[in-house]
Amino acid sequence: MTIPQQIWPDDLAARYREKGYWQGETFAAMLARLAVTFADRVAVVDADHRWSYAELAARAQIAAAGFAGLGLAPGDRVVMQVPNRAEFLSVVFGLFHAGLVPVFVLPAHREAELLHLAAKSGARAYVCADRHDGFDYLPLARTLQAAVPEIAHVVVVGAAAEFHDFAGFSEQATGRMVAPVSRDPGSVAFLQISGGSTGLPKLIPRTHDDYIYSFRASAQICGLTPESAYLVALPAAHNFPMSSPGFMGALIAGAKVVMAPNPAPETCFALIAQERVTITGLVPPLALLWMQAAPRTTHDISSLQVLNVGGAKFMPEAAARVRPVLGCTLQQVFGMAEGLVNYTHLDDPDDVITQTQGRPISPDDEILILDDAGQPVPEGAPGNIYVRGPYTIRAYHDEPGANARSFTADGFYRTGDVVRRLPGGNLEVRGRAGDHINRAGEKISAEEIEDHLLANPAVFDAAVVALPDKFLGEKSCAFVILADEAAVTARDLKAFVRGRGIAEFKVPDQIIFVAEFQTTAVGKISRKALRAALKQQYLAAGDTT
Ligand code: AMP
Ligand code: DBH
């Protein structure tokens, strides 16, 4: 199976090239170029490594030789579940150098997500760390190989006798440097994952041309220069710290990438002080934690110039405290792995920075704001935002059903977000149409969790909704009707869901048992209406248990 190309119609593709958005450079060619331009400058730092651009490129070549030596062929997909370490970059650029296609999986993902994404992508290999954050990935690797026989190779960053050792690639490959495998810059470079609002996560095919454009332009909007230092505080596999402007934006600007093992204030403040970090990106709950911790820290965080906040709505009151408390400029980011990214600009007036989620990267991002009947809303009124443009996908990978729902006939992506366009063109995110939970920037599909709950024989029916939460923004709440004579507790059900092998952030924060779900006179109501009704009833009751 090969991955179909992302298809933009010829006229749009021609326009994107003509305007210089798509420059015809692949990731492998990009790193080769950066290794010449910024040769001895520091590219990436973590607790154990400090690599220059030239060294990163050399390591990527060695990794490429190692991957090729396994028998992987250009175009093959390789699932990558690597935490924030320097090796994230040598693995990803090694794959690119060998013409392979990374499939990004978060370190928090567990077997349910991993097996699905590996099978769906048709991947032939899996790269993971031995351990991270107290979790041992080797049993997960064994489960994956047993369940998905197409995964012929497991490569481990760290210690693992039974699998290929990523560090061992360097010994095998010495003296076997190879030129990058040539790829079409219009071809799919990697598969990113979507939080998704229905069912399991979907795969997002991004091309070299479109993705490089998105972070090259982001680097400029975010003011990155070779003197900048970008701290990767969120998991590197996330689209936000990867490209908005992220470590990719930092690299293309010749800046230094600093890998944080976790986003906790004390971990990151120490790294900011040590590496003179100038910019980083956080989800709103982390920004709140950092603001709470900053007044008491002993670390000097005065090098920080820009804080990007996105992934979920950052409330204006909190946004207004960023400069006074952290001493840096807030830059809001409203983005999505499917493409479209909006930024407030560094020199915008305070009210734009604190009250809006910015404006699109590209003059050729075509934005529609439509009512539920598909008609344009009056200027300034809230509506559903649709987008088409030079770095927004035209289809998910192998999802005919979702593609029919998520894209219009003329190629606009239905984001599911509700926004308002303010005078001046900035967008304000007002909410969303879909049924997912945005828990601290992690998107959770209600349907996916309902399915897990329904797998328990004690559960007759379940509906999962988002409830407001002061810290997380939203938390997940499962309303559950138990089967006759079932006797399980909320704690039992949480343990059951956790035992299904899903990312911990998806385990319902709260479980409320109810006797029945409301039905209409005609019988059953839609899941969507049911979730909305349960949420309304709950909030109206003012129950805050
Ligand atoms: P995903 O499609 O999983 O990459 O998640 C992208 C979604 O995150 C967007 O469609 C929005 O719903 C949400 N999002 C991202 N940034 C923001 C933001 N700054 N404010 C509000 N919602 C956001
Ligand atoms: O939430 C996201 O997916 C997101 C947020 C900010 C994103 O993909 C991005 C910036 O690029």
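Atoms within a ligand are numbered from 1 in the order they appear, just like the ligands themselves.
Between K313 and ligand 1 there is a heavy-atom distance shorter than 4.0 Å. Ligand 1 has no atom lying under 4.0 Å from any heavy atom of Q332. Within the structure, ligand 1 has D417 among the residues with a heavy atom less than 4.0 angstrom away.
Cation-pi contact between R110 and F135: present, with separation from the ring centre below 6.0 Å and deviation from the ring axis of at most 45°.
In this model, no donor atom of one side chain and acceptor atom of the other lie less than 3.5 Å apart for D133 and N262.
Looking only at distances, a side-chain donor or acceptor of Q81 sits under 3.5 Å from a matching main-chain atom of L106. Checking side-chain atoms of Q331 against main-chain N and O of H345 turns up no donor-acceptor pair under 3.5 Å. Remark: the backbone N or O of L89 is not paired with any side-chain donor or acceptor of R85 at under 3.5 angstrom.
Two rings, from Y230 and F247, have their centers 6.0 Å or more apart.
For ligand 2, residues of the protein lying within 4.0 angstrom by heavy-atom distance are N239, F240, S244, G311, V333, G335, M336, A337, V341, K443.
Remark: E366 engages R388 in a salt bridge, criterion side-chain N to carboxylate O under 4.0 Å.
Ligand-side atoms of ligand 1 in range of G310: 19 (N), range being under 4.0 angstrom from any heavy atom. Set against the non-hydrogen atoms of V429, the atoms of ligand 1 under 4.0 Å away are 20 (N), 21 (C). Shown in contact with E338 at under 4.0 Å from a heavy atom are these atoms of ligand 1, numbered in order with element: 1 (P), 2 (O), 4 (O).
Between I252 and M30, some side-chain heavy-atom pair lies under the 4.5 Å cut-off.
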Show the atom names and distances, to 0.1 Å, of all donor-acceptor pairs under 3.5 Å that link a side chain in residues 412-423 to residues at least two apart or in another chain.
unit_1 : atom_1 : unit_2 : atom_2 : d
Y413   : OH     : E338   : OE2    : 3.3
Y413   : OH     : Y396   : OH     : 3.3
R414   : NE     : R405   : O      : 2.6
R414   : NH1    : Y386   : OH     : 3.1
T415   : OG1    : I385   : O      : 2.7
T415   : OG1    : D417   : N      : 3.0
R420   : NE     : E428   : OE1    : 2.8
R420   : NH1    : G380   : O      : 3.3
R420   : NH2    : E428   : OE1    : 3.1
R421   : NE     : E379   : OE2    : 3.1

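Neither the backbone nor the side chain of N239 comes within contact range of ligand 1; no heavy atom lies under 4.0 Å.
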